Amino acid sequence: DSASFGDSGVKMVQCCGSDLKYERIINVWGTLLSILMVLSGIIVCASATQVSQAREFMIGLYLVLFGLFALVLEFKRFESIVQWLPAMDTYFGKGFFFIFWGFLLFKSSGENYVGWVILAILFLASGICYMVAQFILPDGPIHLMGDDRLADRKAQDTLRTYENESTPHEDPYLANISHPNA
């Protein structure tokens, strides 16, 4: 599916209903980052063996929980999350999410210091790539359990159809309310 872009003859490829190669690559990469978050959280929790390491244990626990949260979001789109946390339904929001966790993964000392720094840089670079993707890819993130962006586009087209009609539709909720002037 392509559409002409002005009189220049340039064809613009539409994301939904056609090739989703780049969106799938980003989706799989987000899944891998989420799994890395969970695994690194488990490692951080397991390495916090003393009471003085409670901070590291909490960061590890947060890594596990938010890694699972991000993993679930890569598979399915939840309307409640889109409603209350709309940033996670954009590449820019997901990029900020991974940058935040990248900074938390930096360790100032400890075992395998270089490995943690490399992991943090990976998260920071991935977050920046997600933010750049926001401006390159025409639609928001897709999910592994289906391309629900097509449904979003159909819902918006239906809404536009109702907006363009000349006669307004009667609201069934307001139909049962008696007006004080009537």
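Computed from a prediction, not measured in an experiment: that's the story for all the values here. Along the sequence shown, residues are numbered consecutively beginning with 1.
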Item to check | side chain to side chain contact (heavy atoms under 4.5 Å, CB included) partner of Thr31, the single match among Leu71, Leu73, Leu36 | outcome: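 Considering Leu71, Leu73, Leu36, a side chain to side chain contact (heavy atoms under 4.5 Å, CB included) with Thr31 is found only for Leu71.
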Which atoms form the tightest heavy-atom contact between [X] and [Y], and what is the distance?
{"X": "Leu105", "Y": "Ala120", "answer": "CB-CB, 4.0 Å"}
{"X": "Phe98", "Y": "Gly30", "answer": "CZ-O, 4.2 Å"}
{"X": "Val64", "Y": "Gly41", "answer": "CG2-C, 3.6 Å"}
{"X": "Phe123", "Y": "Leu33", "answer": "CZ-O, 3.4 Å"}
{"X": "Met88", "Y": "Lys94", "answer": "O-CE, 3.3 Å"}
{"X": "Tyr130", "Y": "Gly95", "answer": "CB-CA, 3.4 Å"}

Checklist entry - What class does the angle between the rings of Phe69 and Phe66 fall in, given that below 30° is parallel, 30 to 60° is tilted and above 60° is perpendicular? => result perpendicular
Checklist entry - Run the side-chain contact (heavy atoms from CB on, under 4.5 Å) check on Phe96 and Thr90 step by step: do they pass? => result CA-CA 10 Å; Phe96 184 78; Thr90 65; over 6 Å; no
Checklist entry - Judged by atom type as modelled, is there a donor-acceptor pair below 3.5 Å linking the side chain of Gln83 to the main-chain atoms of Glu79? => result no
Checklist entry - So, Asp89 side chain and Pro141 main chain: donor-acceptor pair closer than 3.5 Å or not? => result no
Next on the checklist: Determine whether Phe57 and Val44 satisfy the following criterion, side-chain contact (heavy atoms from CB on, under 4.5 Å), listing intermediate values before the conclusion.
Outcome noted: CA-CA 6 Å; Phe57 180 81; Val44 169; over 6 Å; no
Say whether [X] and [Y] are linked into one hydrophobic cluster, either directly or through other cluster members, by side-chain heavy-atom distances under 4.5 angstrom.
{"X": "Phe92", "Y": "Trp84", "value": "no"}
{"X": "Leu85", "Y": "Leu68", "value": "no"}
{"X": "Met58", "Y": "Ile43", "value": "yes"}
{"X": "Trp29", "Y": "Tyr22", "value": "yes"}
{"X": "Val38", "Y": "Leu32", "value": "no"}

Checklist entry - Below 4.0 angstrom, N of the basic side chain to O of the carboxylate: do Glu23 and Lys21 qualify? => result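 Not counted as a salt bridge, because no side-chain N and carboxylate O are separated by less than 4.0 Å.
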Checklist entry - About how many Å separate CE of Met37 and CG of Leu65, when rounded to the nearest 0.5 Å? => result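 The distance works out to 9.5 Å.
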Checklist entry - Rounded to the nearest 0.5 Å, how far apart are CG of Leu39 and OG of Ser34? => result 11.0 Å
Checklist entry - When you look at Tyr62 and Trp101, which way does the side-chain contact (heavy atoms from CB on, under 4.5 Å) test go after all the steps? => result CA-CA 10 Å; Tyr62 284 136; Trp101 290 107; 3.6 Å; yes
Item to check | Full working for side-chain contact (heavy atoms from CB on, under 4.5 Å) between Phe78 and Val72 | outcome: CA-CA 9 Å; Phe78 294 95; Val72 167; 3.3 Å; yes
